[in-house]
Structure formats: structure tokens, C-alpha cells
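Accompanying notes for the structure given below.
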Amino acid sequence: MKWSEFFVTGEPLIYAADVSIVLTAIGIVFVLTYFKKWKWLWNEWLTTVDHKKIGVMYIISAVLMLFRGGVDALLMRAQLTVPNMKFLDSQHYNEIFTTHGTIMIIFMAMPFIIGLMNIVVPLQIGARDVAYPYLNALSFWLFFVGAMLFNIAFVIGGSPDAGWTSYFPLASKEFSPGVGNNYYAVALQISGIGTLMTGINFLVTILKMRAPGMTLMRMPMFTWTILITCVIIIFAFPVFTVALALMTFDRLFDTQFFTMANGGMSMLWANLFWIWGHPEVYIVVLPAFGIFSEVVSTFARKRLFGYKAMVFSIVGIAFLSFLVWVHHFFTMGAGAAVNSFFSITTMAIAIPTGVKIFNWLFTLRKGKIRFTTAMLWSLAFIPNFVIGGVTGVMLAMAAADYQYHNSYFLIAHFHYVLIAGTVFACFAGLHYWYPKMFGHILNERLGKWTFWLFMIGFNICFFPMYFLGLMGMTRRMYTYSAGLGWTPLNVVATVGAALMGIGFIVLCYNIYYSARYGERDMTGDPWDGRTLEWATSSPVAHYNFAIIPEVTDLDAYWVMKKTGKGLEIDEEKLKPIHMPSNSGRPFLISIAFFFAGFGLVFEWYTMAIIATIFIILGLILRSFDDDDGYYISVDEIKRTERLARKGA
Amino acid sequence: MATNDHHETFPWKHVIGFVLSLVLTFAALWVVLSSGLATKLIIGIIVILAMLQASLQLFMFMHMTESDSGKIQTINMAYAFFIAIVIVIGSIWVMWFVV
Ligand code: HEM
Ligand SMILES: [Cu+2]
């Protein structure tokens, strides 16, 4: 590697990015120093093991990544608006669709979901924290440094450019000699470790830390979806870990797992990638189903229809999700038997999914519906997701897929499921649980503006893509010629993308506006909620529950409100609360991971080895760590609770 | 927030498990690099070594036998075996046409 290749040069867009990165960094340092906030940053955030703060950090990172991925998307749409556009060249376009796809899935959708689950799950099950708070902090910081490592690629060394799927042989050293694909392999590996630990952490939390009386069948639906998601994470992510490790070996140490020569098998990469990749889409969409279930039942003021059917259908979906991966490469040529089998398993997933759709509809039936922003997102989800689902079944027909494969039809399909499923859910969840995080409500008027702009823009952007696909426009093409008749629909799509961008800006403004002028939530229960998170104050005291609630039925808090039992805190019963201590080590270990990763990307092994020694040192120190946490005194709990309840 | 009651004794189980894992790993490496056996035989041997190591780790590190939630353990193990079989047999079936 020559030093002249270290920084990416030659593109005005890149220089502009360089300048803005430097300015932002200086700006942050200046603000922190000027307002004397460094200590606050360290004590309150960098060392925290509180699941609610970790959740907030996940969500902030996810929104930043939504911005980055969104800018990538708008650049692509700008390039494709009219034929023969000269805005991005082919190499730059390759890099941008790769970073867009990877960032949106791994660094936006997953952390957004994980952030919401961090904040909500312990509250919903009546716990004071997760099972392993220290590990939770480590999970977050590993995700964060993985994301940062991936994000600097475009200014330092060059972006990966082989697609978010990074198929071999294209992604091999032979055909992609730059460091870009090393970034892909290493950054995803680091954040993947974090995700795997999150999966284990929340599985144990949900199985072991539920409040007394909360049997599995009394768990809120969101918690159920997270439980199943954790199972999928635990079984799917190791496959990706192995695949990425083999990719790293191929690229750094000249092994031949996926190469074309010496017995390597490039197809094996696609196979392993999708054994993880299909369950991965359920990792981001099952929690979305959970969020919609909570929101729909709250704002229809009804118990969720068919709770048991809902549970069985998520278990069914999780089971089937490991049996369908070949639908991503029907065209590889495995033959009729293989393709038929995977075609049928794929279509079978539509059955439990359909069950869920009907359950939501029946929950709405005869409900007293309140059209809040969170509810609007949930209502819009149903028809939009159905469009995505129906076209998915079309893609599942192996023979027909030879036509649709890798066309804009596919692009439209997966955006309809990912955006109408996951992104709508993230926005719904953000509005719904915002008071729990920050103590005030996100402005509803601005929220509805975001909703309409984004939802309409989304349809204008992606609906035409189905037709572009049928007209022959293929995925990942950076330009097209004028005579093809694709221009009008492409112009329309770009207009839609711009509307979505405006919707996002309104959302950001809303966050600022609501922080300054937003309505404070004094009751802790602004939506007349049903589940235990609404039994806490807003924002939640850091021990969550002064007294762990007793659960007697589904919708525990609703029952408490109806019977009047368990609402008041009996100060006589308060006991000191045991809490875990903060630790800076997860943050520092993750920084070491960053440098180890950076060293691997550039094949600077001295740096990688030194950083790895620091990682191991951190692990050893942790093993001999005797810190058992600390106790919050009864007096302090009393003070906090009285203060929180004054408003009520 | 877990209580730490089994901290007093030296974790012999873990150390033995760790050493045995290392032995099995280096054995596999040796078989591949310098045993000079036929390829098919090598593959057979390293698969067996891998399975031995996996079960070793389950018993030595994962507290397989110590849990009070037997039902969860059973479901978990059954599902793990199922997934492992799906991945291995499935991959072979799917890519059979290449060889
Ligand atoms: C904000 C609005 C969005 C727009 C306008 C947009 C637009 C696009 C475009 C133009 C492409 C490239 C098509 C091609 O050249 O092949 C693309 C690819 C992709 N998008 Fe989006 N997208 C958006 C949001 C999302 C979200 C939220 C996700 C996931 C949660 C996502 C996931 C992907 C993936 C996985 C790819 C494939 C990348 C690849 O080919 O390797 N997108 N998107
Ligand atoms: Cu799939």
C-alpha cells in the first residue's frame, strides 16, 4: 500500500466529504470542550451499562446511519434519473450501492431494532436490567466501532464495491485487489460479534428475568418476537462469522476457499451468505411485527386478536426461515428438485405471515381507533407490506424467477418488505416509546407530516420499479440508454426518493423541536398503554421498577389499571436495589478492536497484533474483576419515586 | 447482578477442556499438513476431530449438565442438531451438481 493510495483522491464529492468530516469532528470536540461535557460524556454514556442508555445510543447511531445510507440512495437515484447521466461513474456507483445496502441492513435496520429492544424488553418483562449488562455495553461498542470502520472506507483506502452480498469470485483478491472488500470482511465481523452477544444476552434475559407471574404465554408480543429473533440470531450469525472468516483468509492469507482455482468453490460463499442472509431478514422483520402488534392493540384499545396464533406463527416463521435460502439463487442451476423444494418452503412462509396480517386486521375490527403517528405507520404497514409479500411469492416461483432475478422487480420487492416492514416499524416504535426514552412526546403534527411525505414518497419511488424490472432494467446498472423507454418511470422514482428525503429531514427537525417545545409526559402512560413499560415513570428511573410488579394476565398493566391493584408503591416494602457498576472497559476493548480491524484491513499486522494484545488484556482484566455492583438506598428510591409521581 | 458462589475453586474443568481443545486442533492441523494420507481419509479424520471437540466444549465449558432448566436445554440441543444437519446436508445437496 502506497501512502498516496491511503486517502481516496480525485473526486470532488469525496473532498467535500473529507471537509465535512473534519469540520464535524472539530465541531464536536469544540462543543464538548466549551460546555465542559467530556466528563459527562464519559460518566453518563461511554461507560454506561444501563440498557436504556445503550438503547438510546443504538438508536442515535441508527439514525445517523439512515442518513448515510439515505445519502447513498439519493446519489444513486440522481444518477439514474435520466439516461446517460454523468454524475457517478460505474466504479463510484458500484461502491455506493454496496455501502448503501450494507449500511442499511447491518448498521441501520439491525441497530434500530436492537436499540428499541434494549429500551423496551426489560421494561416489558418487569426486569431491572438485562442479564449481562456489561456484555450489553460491549455489544453496543463492538457494533459501533464496526460501523465506524465500515464508514471510513470511502475516504480512507476506498469503499467495498462487490455488492452487499459480496459474491465470489468478484470479491476475491484477484478481482477486487483494493482494501475495500477487506473493510467489508472485517467491519462486519466485528459488529457481528456484538450482535451475537446481544442475541445471547436477550435470550437469557427473557427466559430468566421475567417478573413473577409472567409466564411465556403472558409475555407482550414484542417480547415474544424478540425472544424468537434472538434464537434466529444465535443460530444464523455463526454461519456468517465463519463465512466472513474464510473470506478474510482468502483475501489476506491467500487461502482458496472461495476462489476459482485450486479446489476453491465460489458458490459456497453465496450458499453460506444466504444461509445467514435469509434468517437475517427475519431478524429485522419479526421485531417489526412485534412493534406493530403493540401499537395496533394499544391504539385500537383492544387485546391483540389471536395471541396464540401470533405466537405460533412467529415460531413457524423462524423455523421455516432456515429452510428457504436457495430462493436467492434459483438461477445458479441446481436443478428442478432443489429449486422446487425451496420454492415450496418459501411459499409456505406466506401462510404464517398471512395469519398475522389477519390477526392485526381483526384486532382493528370494532376497535376504538386513535390515529396517532405511531398508529398511522402501523396501519400503512399492512397494505404496503402485503404488496411486498405478494411480489415475494411471485419471486418464489423458481421458474418465473429466471425472469425477475436481479431486476428492478426484485429491488422493488425487498424495499417494500424492508421499508414498509422494518423502517415503518422503527418509526412507529420511535414515536410510541419516545416518552420512555426522553420524557417528552415527539410532536404529533410534525410526525404526521413525516409519515405522509415518507409513505407517499416511498410508493412513488418504489412502485414504478416493479414495472422497470418487468421492462428489463436490471439491478446494479449505473446507467442506461435513451431508447429503452425507462426514462419516465425513473424520473418518477427519483421524485419519490426526494420526498422520502424531505420526510426524513422533517423527522430530524421534529426531534429538535420536541426536545425544546415538546409536551412533557408527566404520567408515564401517555397512550393509555397495556404493557408493563407504561407502569414506569417517563423517563424511566434507572432502576426501572421500585418494586417488581406481579403479573396475573396478558396486558399486565392494563389489568392493573382495571383492577386498581399494584399501581401504588407501598413505601414500606421498598428494599435497597442492587445495580451493576459502570465500566469503561467495553468501550476501550472496542477501540482496540477498531485498531485490530484497521490493521487487518491494510494488512499492517504489527498494528493488528498489538491491538489484539490489548483486547486479550481487557478480557483478562474482566476475568479478575470483583466488582459486584452497588446498592441504591431506600431513601434514594423514595426520593426518586416521589419526584416522579408529583406530576401524576 | 449474578451472585458468584462458585468462584472459590480453581476452574480445572475449563483448563483441561482448553488444553484438550488445543491438542485436537493441532492434531487436525498435523493430519492435514503432514500426515500424507489420502484426501478422503483426511477429510473423514478432521470431521471426526471436529465433532469430538464440539462435544468436549459443550461439556467442559457450556455447563451442559449443570442447568436447572432441562427442558430449555433439550429443545436447544435438538434445534441445534436440526440446524446443523440442515446446513450440512442442505449445502451438499444444493451444490451437488458442481462436483
Ligand atoms: C431511503 C430510501 C431508499 C432508496 C431511495 C433506496 C434506493 C436504492 C437503490 C437505487 C438501490 C440500488 C439499485 C441498484 O442499482 O441495483 C438500492 C439497493 C439496495 N437497498 Fe435501498 N433504498 C432505500 C432504502 C433502503 C433501506 C431502508 C434498506 C434496508 C433496510 C435498503 C436496502 C437495500 C439493499 C440491501 C440494496 C442492494 C444493494 C446491493 O445491490 O448490493 N434500502 N436501494
Ligand atoms: Cu430470502
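Predicted model, so just to flag it, every value in this text is computed and none were measured.
- For a heavy-atom cut-off of 4.5 Å, chain A lies close to I83(B), V86(B), I87(B), G90(B), S91(B) in residues 83-92 of chain B.
- You'll find the ring centres of H578(A) and Y631(A) inside the 6.0 Å limit.
- Of the inter-residue distances, the one linking W269(A) atom CH2 with F257(A) atom CZ reads 13.0 Å to the nearest 0.5 angstrom.
- At a 4.5 Å heavy-atom cutoff, the contact between V326(A) and chain B is made by side-chain atoms alone.
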List the steps, then state whether side-chain contact (heavy atoms from CB on, under 4.5 Å) holds for I228(A) with Y282(A). CA-CA 10 Å; I228(A) 300 299; Y282(A) 282 98; over 6 Å; no

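- In plain terms, the two heavy atoms of P580(A) and P133(A) that are nearest each other are CG-CG, 3.7 Å.
- For the options F319(A), Y132(A), F235(A), W325(A), heavy-atom pairs under 4.5 Å to chain B are most numerous at F235(A).
- Interface check for chain B: of the options G629(A), A337(A), G333(A), the most heavy-atom pairs under 4.5 Å are formed by G333(A).
- The shortest side-chain heavy-atom distance between F258(A) and P169(A) does not fall under the 4.5 Å cut-off.
- Proximity to chain B is limited to the side chain of L323(A), based on heavy atoms less than 4.5 angstrom apart.
- Side-chain N or O atoms of S321(A) include none that pairs as donor or acceptor with a backbone N or O of P279(A) at under 3.5 Å.
- Between the side chains of T259(A) and Q256(A), a donor-acceptor pair is found at a separation under 3.5 Å.
- Remark: of the listed residues T47(A), D627(A), D625(A), D627(A) is the sole one forming a side chain to side chain donor-acceptor pair (under 3.5 Å) with S581(A).
- For residues 197-205 of chain A, heavy-atom neighbours of chain B at less than 4.5 Å comprise no residues at all.
- Checked by atom type, the side-chain pair N544(A)/D129(A) shows no donor-acceptor distance below 3.5 Å.
- Only the side chain of L207(A) comes within contact range of chain B, with at least one heavy atom under 4.5 Å from a heavy atom of that chain.
- For a residue to count as touching a neighbouring chain, one of its non-hydrogen atoms must lie under 4.5 Å from one of that chain's; by this rule A318(A) touches chain B with the backbone only.
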I'd like to know whether M579(A) forms a side-chain contact (heavy atoms from CB on, under 4.5 Å) with D50(A), so could you lay out the CA-CA distance, the side-chain angles of the two residues, the decisive distance to 0.1 Å, and finally the verdict. CA-CA 9 Å; M579(A) 295 301 288; D50(A) 179 344; over 6 Å; no

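- A cation-pi geometry, defined here as NZ or CZ lying under 6.0 Å from the six-membered ring centre and within 45° of its normal, does not hold between R128(A) and F545(A).
- Among all heavy-atom pairs drawn from R585(A) and Y134(A), the shortest one is NH1-OH, 3.0 Å.
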